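Working notes for the structure below.
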Amino acid sequence: MIIKELFSISGAAQKTIYGDCTYDDKNTNQDIIIFIHGFKGFKDWGAHNLIASFFASKGYRYVKFNLSHSGVTAQNQYDVTDMETFAANTISKELTDVNAVIDYVAATWPTAAISLIGHSRGGGLAIIQAAKDTRIHKLITWSAISDFSSLWKKEQEKEWAATGQIFVENARTKEKMPLNNTLLDDFNQNKEKVDIIRAAKKIHIPWLILHGDEDVNVKFSVAQQLAQKQLKAKIQKIQGANHVYGASHPYAANQLPMHLQEVAEKTLAFISA
């Protein structure tokens, strides 16, 4: 039977990380997959729970979690509603959270091999973590970015520094979501630490790069750029796929979208090899 167990641990700035682990209780000694969501995303967005069940049915424990400053609360885990916390997020806080979750997983299942999946901005976090964390056995990136500053416009930075905030739009709700200039300050003060391309060159574990060729949010050329920096990485194009592989939020279907099914199967083949 497929079971989903909830957990919570302390994350960056004493904020709580809410997560869950999906597995099939008939399997023992399961290896672990940890999934890192992207910008404006969260663990229960779209088809993420179907993905978790897919990998659980194949014998893996699938761990996903909300980054502590995702803006998703314990009371409403299906939308970003805590704009104050969302605005206070930084890349360093997200990296602190990722490390805390890996600490939790490694302590809870100390003999299990860990594969790390990251989507979009979460892909950037996964690359940086995998470059330095020997607990990670395999890396898989879905629609990953290659530069955290690609998430805002360069011409916004002057206004951002002066006024203390900029706003990004939630494409689904059209809500204006604030970002404090602490995000920009953190990026500028830690450029080497958060340099995704630099980290990509240091990856020494098996790495699968998956990316849709109709991704308008993060172009397929970004995947090619990452692959060029780490020639041992395996890159595969998902023909006709967008940034989220056909998923949406909320997602009511009980089957994965075609492109996300392809992503899941290619990821499974890579992890299982």
Side-chain angles (χ1 to χ4, degrees), residues 10-15 17 36-42 65-72 80 82-102 116 118-133 136 139 141-171 175-203 209 215-219 221-230 243:
S10 181
Q14 286 73 58
K15 288 284 186 181
I17 297 169
I36 310 171
H37 68 74
F39 183 48
K40 296 183 283 187
F42 42 94
F65 62 99
N66 291 331
L67 292 160
S68 64
H69 288 67
S70 64
V72 176
V80 178
D82 182 356
M83 293 302 165
E84 183 179 352
T85 297
F86 179 86
N89 196 17
T90 66
I91 301 157
S92 291
K93 286 175 180 175
E94 292 189 336
L95 288 169
T96 295
D97 291 344
V98 169
N99 196 67
V101 170
I102 295 171
L116 192 60
H119 174 253
S120 193
R121 176 155 143 178
L125 297 171
I127 292 166
I128 288 173
Q129 188 71 27
K132 64 183 181 181
D133 194 333
I136 307 303
L139 170 66
T141 51
W142 299 348
S143 314
I145 61 171
S146 62
D147 182 353
F148 288 109
S149 69
S150 65
L151 297 166
W152 60 82
K153 295 182 176 70
K154 184 70 177 175
E155 56 266 28
Q156 290 179 294
E157 292 185 3
K158 190 174 180 181
E159 173 202 348
W160 199 0
T163 64
Q165 264 190 352
I166 58 170
F167 293 85
V168 294
E169 186 176 272
N170 183 320
E175 185 175 10
K176 301 295 184 184
M177 307 170 75
L179 296 173
N180 294 344
N181 61 1
T182 46
L183 173 59
L184 179 62
D185 292 343
D186 177 72
F187 175 77
N188 286 329
Q189 290 163 13
N190 296 284
K191 279 191 172 177
E192 191 170 299
K193 185 177 98 171
V194 302
D195 186 333
I196 299 169
I197 292 297
R198 179 173 173 268
K201 296 175 183 176
K202 295 183 174 182
I203 298 293
I209 300 170
D215 188 338
V216 298
N217 301 91
V218 182
K219 300 289 189 185
S221 59
V222 173
Q224 293 172 311
Q225 180 190 20
L226 290 170
Q228 286 163 1
K229 298 302 178 185
Q230 181 46 261
H243 189 59

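Note that the structure is predicted; figures quoted are calculated from it, not measured.
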Checking Asp133 now: which residues fulfil salt bridge (charged side-chain N to carboxylate O under 4.0 Å, His left out) with it, not counting sequence neighbours?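 Listed in chain order: Arg135.
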Mind checking what makes salt bridge (charged side-chain N to carboxylate O under 4.0 Å, His left out) contact with Glu159, not counting sequence neighbours?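 Partners of Glu159 by the salt bridge (charged side-chain N to carboxylate O under 4.0 Å, His left out) criterion come out as none, since no residue qualifies.
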Where [X] and [Y] come nearest, the two heavy atoms and their spacing:
{"X": "Gly41", "Y": "Ser70", "result": "O-CB, 4.2 Å"}
{"X": "Ala144", "Y": "Gly124", "result": "CB-N, 4.4 Å"}
{"X": "Ala12", "Y": "His69", "result": "O-CE1, 3.3 Å"}
{"X": "Ile17", "Y": "Ala100", "result": "CD1-CB, 4.3 Å"}
{"X": "Gly123", "Y": "Thr141", "result": "O-CG2, 3.8 Å"}
{"X": "Ile127", "Y": "Ala200", "result": "CG2-N, 3.8 Å"}

What distance do [X] atom [atom1] and [Y] atom [atom2] have between them, rounded to the nearest 0.5 Å?
{"X": "Gln189", "Y": "Asp186", "atom1": "CD", "atom2": "CG", "value": "7.0 Å"}
{"X": "Ile196", "Y": "Ile145", "atom1": "CD1", "atom2": "CD1", "value": "4.0 Å"}
{"X": "Thr182", "Y": "Lys93", "atom1": "OG1", "atom2": "NZ", "value": "6.0 Å"}
{"X": "Arg121", "Y": "Asp147", "atom1": "CZ", "atom2": "CG", "value": "11.5 Å"}
{"X": "Lys201", "Y": "Asp195", "atom1": "NZ", "atom2": "CG", "value": "7.5 Å"}
{"X": "Leu139", "Y": "Leu116", "atom1": "CG", "atom2": "CG", "value": "6.0 Å"}

Show your reasoning for whether side-chain contact (heavy atoms from CB on, under 4.5 Å) applies to Thr90 and Asp185. CA-CA 9 Å; Thr90 66; Asp185 292 343; over 6 Å; no
Using atom types as modelled and distance alone, determine if a side-chain donor or acceptor of [X] lies under 3.5 Å from a backbone N or O of [Y].
{"X": "Lys40", "Y": "Val80", "value": "no"}
{"X": "Asn190", "Y": "Lys193", "value": "no"}
{"X": "Gln165", "Y": "Asn180", "value": "no"}
{"X": "Asn181", "Y": "Leu184", "value": "no"}
{"X": "Ser143", "Y": "His243", "value": "yes"}
{"X": "His37", "Y": "Leu67", "value": "yes"}

Go through the steps for Asp97 and Ile36 under the test side-chain contact (heavy atoms from CB on, under 4.5 Å), then give the verdict. CA-CA 10 Å; Asp97 291 344; Ile36 310 171; over 6 Å; no
Should we count NZ of Lys132 as having more than 12 external heavy atoms under 6.0 Å?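 Yes, NZ of Lys132 has more than 12 neighbouring heavy atoms, counting only those of other groups under 6.0 Å.
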Would you say Glu192 has more than 12 foreign heavy atoms packed within less than 6.0 Å of its CD?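 Not more than 12 within 6.0 Å, no.
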Could you check Lys154 against Glu157 for salt bridge (Lys or Arg N to Asp or Glu O under 4.0 Å), going step by step and ending with a plain yes or no? CA-CA 6 Å; Lys154 184 70 177 175; Glu157 292 185 3; 3.3 Å; yes
Please verify the inter-ring angle class for Trp160 with Trp152; under 30° counts as parallel, over 60° as perpendicular, anything in between as tilted.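 Because their plane-to-plane angle is over 60°, the rings of Trp160 and Trp152 count as perpendicular.
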Please step through side-chain contact (heavy atoms from CB on, under 4.5 Å) for the pair Phe39 and Leu179, ending with a clear verdict. CA-CA 12 Å; Phe39 183 48; Leu179 296 173; 4.1 Å; yes
If you define the side chain from C-beta out and look only at heavy atoms, does anything of Lys176 sit under 4.5 Å from Glu169?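 Yes; the side chains approach each other to less than 4.5 Å.
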Asn89/Leu183 under side-chain contact (heavy atoms from CB on, under 4.5 Å): CA gap, chis, key distance, verdict: CA-CA 6 Å; Asn89 196 17; Leu183 173 59; 5.9 Å; no
